[in-house]
Amino acid sequence: MRWIITTDHWGNCLGLGEAADGAPARGTPDQGDALPMEFRLYDASGALLFEGRCGDIDADWWHGYEPLHYLWNAFRCRRLSYRRAGANQPWRWLRP
């Protein structure tokens, strides 16, 4: 699932992400505008570290974990919330 960091609250990770085939890839925040979902990544204390865009988590929740897995060790991201981009919906926690 394609995903990209569009807002970096940590530092030096803007544009980090993966291509649709899961290979590490960089991009610009503008490229994230084409993706249908917004996500947020938090550390264990609840601090917001990153915001980004990704493919449709509702259609493919398994691959929705990819941003969390990718940043689990390096930044100790432990939780991911998401919502459909452009919709003024509350954030939902990603759960299996």
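Sequence positions, counted from 1, serve as the residue numbers for this chain. The model shown is predicted, which means the values in this text are computed figures rather than measured ones.
Ring-plane geometry between W61 and Y65 is classed as perpendicular, the angle between the planes exceeding 60 degrees on a 0 to 90 degree scale with a lower cut at 30.
The list of salt bridge (charged side-chain N to carboxylate O under 4.0 Å, His left out) pairs with a residue in residues 62-78, not counting sequence neighbours, is empty. Listed by first and then second residue, the side chain to side chain donor-acceptor pair (under 3.5 Å) pairs involving residues 48-59 are H9-E51, D56-R84, D58-Y82, D58-R92 (not counting sequence neighbours). Each side chain to side chain donor-acceptor pair (under 3.5 Å) pair with one or both residues in residues 20-34, not counting sequence neighbours, would appear here, but there are none. Residue pairs satisfying the ring-ring contact (aromatic ring centres under 6.0 Å, His included) criterion with at least one member in residues 13-41, sequence neighbours excluded, are absent.
The aromatic ring centroids of F50 and W10 lie 6.0 Å or more from each other.
Grouped with I4 in one hydrophobic cluster are L35, the linkage being side-chain heavy-atom contacts under 4.5 Å among Ile, Leu, Val, Met, Phe, Trp and Tyr residues.
The side-chain contact (heavy atoms from CB on, under 4.5 Å) check on S81 picks up R40, Y42, W91, W93, with sequence neighbours excluded. Applying the salt bridge (Lys or Arg N to Asp or Glu O under 4.0 Å) rule to R83 yields the partners E38; only residues at least two apart in sequence or on another chain are considered. For D8, the salt bridge (Lys or Arg N to Asp or Glu O under 4.0 Å) criterion is met by no residue, not counting sequence neighbours. Checked against side-chain contact (heavy atoms from CB on, under 4.5 Å), A47 has the following partners two or more places apart in sequence or in another chain: D43, S45.
In this structure, L80 CG and C54 SG are separated by 7.0 Å, a value rounded to the nearest 0.5 Å.
Criterion: ILVMFWY side-chain heavy atoms under 4.5 Å apart, direct or through other members. Under it, L48 and M37 are not part of a common hydrophobic cluster. Both L68 and L71 belong to a single network of hydrophobic side chains, linked directly or stepwise wherever heavy atoms of I, L, V, M, F, W or Y lie under 4.5 Å apart.
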Inset, instruction - Begin from the C-alpha positions of Y70 and C77 and carry the test side-chain contact (heavy atoms from CB on, under 4.5 Å) through to its verdict. - result: CA-CA 9 Å; Y70 194 88; C77 291; over 6 Å; no
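Contact detail for A19 and A25: the closest heavy-atom pair is N-CB, 3.7 Å.
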